[in-house]
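To find a chain, count down the sequence lines: A is the first, B the second, and so on, and within it residues start at 1. Remember, predicted model here, so these are calculated numbers, not experimental data.
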Amino acid sequence: WEEERYPEGIKWKFLEHKGPVFAPPYEPLPENVKFYYDGKVMKLSTKAEEVATFFAKMLDHEYTTKEIFRKNFFKDWRKEMTSEEKSTITNLSKCDFTHMSQYFKAQTEARKQMSKEEKQKIKEENERLLKEYGYCVMDNHKERIANFKIEPPGLFRGRGNHPKMGMLKRRIMPEDIIINCSKDSKIPAPPPGHKWKEVRHDNKVTWLVSWTENIQGSIKYIMLNPSSRIKGEKDWQKYETARRLKKCVDKIRNQYREDWKSKEMKVRQRAVALYFIDKLALRAGNEKEEGETADTVGCCSLRVEHIKLHPELDGQEYVVEFDFLGKDSIRYYNKVPVEKRVFKNLQLFMENKQPEDDLFDRLNTSILNKHLQDLMEGLTAKVFRTYNASITLQQQLKELTNPDDNIPAKILSYNRANRAVAILCNHQRAPPKTFEKSMMNLQSKIDAKKEQLADARRELKSAKADAKVRRDEKSKKTVESKKKAVQRIEEQLMKLEVQATDREENKQIALGTSKLNYLDPRISVAWCKKWGIPIEKIYNKTQREKFAWAIDMAEEDYEF
DNA sequence: GGGTCCGACTCAGAAAATTCTAC
DNA sequence: GGTAGAATTTTCTGAGTCGGACC
């Protein structure tokens, strides 16, 4: 896709697609599946029943125990009820969804137990749908669409302490849909009896379909897959910007260190914030509308209550203790020794403030980004995350890769380098539900292997003793083969232990996000080439598709 | 200049689906 | 070679970033 460059802002010349796939219509429950109110069977109207099934399907989920979720759900559910239902059903706690829930569980079970043929049939139907709606033509290429299926109705599941959790996400109809395609393309037809909200031909944007969602009033889009030209080029650009930052980062660092001394409060705050963004890879931190979303922050929106200052802590001077909820309500907790000037500035910023006051009261992301723009064209706060992530990977790979290691050990080193980045970016996950169990399984495998090794060693020893006495060819051979066996088992044991280490270290860390969004793939490709690691060991099929440009481009001497 | 709002895009972890592995 | 359960991949959609219009 280096073929042609478009003038500023033009994203394509030709765009043709089939429009979205709508969620399947609601299928009413069979007569024998009952809903109970206050212990009595109650037949619900179709609309009320549909919304009730959304709740029933989530009955085992922690969400349905949360006060806000229940309140929001009940309020929206009542809106769907007939006036009769509304007057009867006044208390959610008196609603009994268990029968409905059991029915859905049985359905799931039945789906699992389906015969091969039935499963095959479903698979083929999905493939047909994908083939028809999953691709579009953008300019001269057939491209995969990322999310061609419209989100089905359901209950809103916000992350963390979201004030809107449990609200009803309504069904999207063709009348909600804006289609974007080129004038000279075959315009997708709305489902029979329906009309699109609008058909437009805007080649300054990349989306094919959009609609407005009813919970936050925000716009949702259907766009192309990461493997597409338009996404790939943008991704490449992102890393090129980060590489440009590499060239001037020293200058920028000197600059903000100078600014710590500025007479102007705004400049000092800007400089300290930038230091955090650079050193700790914090997000920019836009302001958010209070009460509309979970209370989370980034750098510029940090509040006094989110940091603690320790002149001395555990033998270190000037320690800042961060404790706040970031994106997706993931907790950021870190104790960081900082330079004295930063520490003194923070003390100054916190003077005469309440815990809920902004730490950087003279700063926001727009001021910060404007300043960054002056330092380097295209520089914004998030570029620091990309830059620091990628440079860390490159450094760690250099440091951790041992040329004499075998392939599994080298891959462990790669994972460790990747992990260093994930820790820097605070990419966490809930420990897998089966973590303890799978760890124990692995441990028992290791124990078994150790026993096996001990046995093998004993056998080797006795074979050696035997050989000493007999001094014939045959017993010598036996010693050799026993030696090999010991070696083989040692290797297997090592591999298992490596696996255990890797898994344990990864318990609460998510590697995927950094791999997919922050690490210049050319670093990984070059590393694979340099050490003769098959690229499949690092990137799976999807990832190889997304990073096709890098796999194509990077040689073993690539430097970020 | 700076604040607010909105649109378009990237990035995020959970959950579902699929594949792999050990018995 | 069939199957259960573990591991990995894919899907899903919510949650950020950031720029530009408007005042």
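Of the candidates C:dC18, C:dG14, B:dA8, the closest approach to any side-chain atom of A:Asn286 belongs to C:dC18. Looking at the side chain of A:Thr206, the nearest of the listed nucleotides C:dG16, B:dA14, B:dC9 is B:dC9. Distance from the side chain of A:Lys266 is smallest to B:dG2 among C:dT13, B:dG2, B:dG13. The A:Gln373 side chain lies nearest to C:dG19 when the options are C:dG19, B:dA12, C:dT13. In this structure, the nucleotide among C:dT17, C:dG14, B:dG13 sitting nearest to the side chain of A:Lys220 is C:dG14. Listed nucleotides: B:dG13, C:dT17, C:dT13. Nearest to the side chain of A:Asn147: C:dT13. Distance from the side chain of A:Lys288 is smallest to C:dG16 among B:dT10, C:dG16, B:dC9. When distances run from any side-chain atom of A:Ile330 to the nucleotides B:dC9, C:dG16, B:dG13, the shortest one goes to B:dG13. Considering only the side chain of A:Arg283, B:dA12 comes nearest among B:dA12, B:dC11, B:dC9. Distance from the side chain of A:Pro152 is smallest for C:dT13 among the nucleotides B:dC11, C:dC18, C:dT13.
Nucleic acid contact for A:Gly285: sugar-phosphate only, since backbone atoms but no base atoms lie under 4.0 Å from a heavy atom of the residue. Across all strands shown, A:Asn364 has heavy atoms under 4.0 Å from sugar-phosphate atoms exclusively, and none from any base. Looking at heavy-atom distances under 4.0 Å, A:Ala146 makes no contact with the nucleic acid at all. Within the nucleic acid shown, A:Tyr221 comes within 4.0 Å of at least one base atom, counting heavy atoms only. Nucleic acid contact class of A:Lys164 (heavy atoms, under 4.0 Å, all strands): none. Residue A:Ser366 is classed as having no contact, given no heavy-atom separation below 4.0 Å to the nucleic acid. Residue A:Gly326 is classed as a sugar-phosphate contact, given heavy-atom separations below 4.0 Å to backbone atoms only. If you check every strand for non-hydrogen atoms under 4.0 Å, A:Leu516 touches nothing. Within the 4.0 angstrom heavy-atom criterion, only backbone atoms of the sugar-phosphate kind lie near A:Lys169; the bases stay farther away. Residue A:Gln216 is in sugar-phosphate contact alone, with no base atom involved, counting any heavy-atom pair closer than 4.0 Å across all strands shown.
Nucleotide C:dG20 holds its P atom 15 Å from the CG atom of A:Asp202, rounded to whole Å. Atoms CD1 (A:Ile219) and P (C:dG20) sit 17 Å apart, rounded to a whole Å. Rounded to an integer number of Å, the gap from A:Lys234 NZ to B:dC11 P is 9 Å.
For A:Phe55 and A:Phe73, the gap between ring centers is short of 6.0 Å. Aromatic pair A:His162/A:Phe69: ring centres not closer than 6.0 Å.
Note on A:Lys11: a side-chain N or O is less than 4.0 Å away from OP1 or OP2 of B:dC9. Between B:dT18 and A:Lys123, no contact under 4.0 Å exists linking OP1 or OP2 to a side-chain N or O. Applying the 4.0 Å criterion to OP1 and OP2 of B:dA12, one finds that A:Tyr518 has a side-chain N or O inside that range. Distances shown here put every side-chain N or O of A:His61 at or beyond 4.0 Å from the OP1 or OP2 atom of B:dA14.
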Q: Please test A:Asp60 against A:Lys105 for salt bridge (charged side-chain N to carboxylate O under 4.0 Å, His left out), starting from the C-alpha separation and ending with a verdict.
A: CA-CA 11 Å; A:Asp60 285 339; A:Lys105 275 186 207 153; 3.1 Å; yes
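Of the two residues contacting DNA chain C, namely A:Asn540 and A:Leu155, the nearest-nucleotide position lying further toward the 5' end is that of A:Asn540.
Electrostatic pairing of A:Arg171 and A:Glu50 counts as a salt bridge here, judged by a charged N lying under 4.0 Å from a carboxylate O. Taking the charged nitrogens against the carboxylate oxygens, A:Glu213 and A:Lys169 have no contact shorter than 4.0 Å, which rules out a salt bridge.
Within residues 377-393 of chain A, the residues having any heavy atom closer than 4.0 Å to DNA chain C are, in order of number, A:Thr380, A:Ala381, A:Lys382.
With hydrogens and angles ignored, no donor-acceptor pair under 3.5 angstrom links the side chain of A:Arg157 to the base of C:dG14.
Between the side chain of A:Asp520 and the main chain of A:Ser390, no donor-acceptor pair closer than 3.5 Å is present. With hydrogens and angles ignored, the 3.5 Å screen pairs a side-chain donor or acceptor of A:Arg268 with a backbone N or O of A:Ser262. A distance-only check finds a donor-acceptor pair linking the side chain of A:Asn369 to the backbone of A:Ala381 [under 3.5 Å].
In this model, a donor atom of one side chain and an acceptor atom of the other lie less than 3.5 Å apart for A:Glu124 and A:Gln120.
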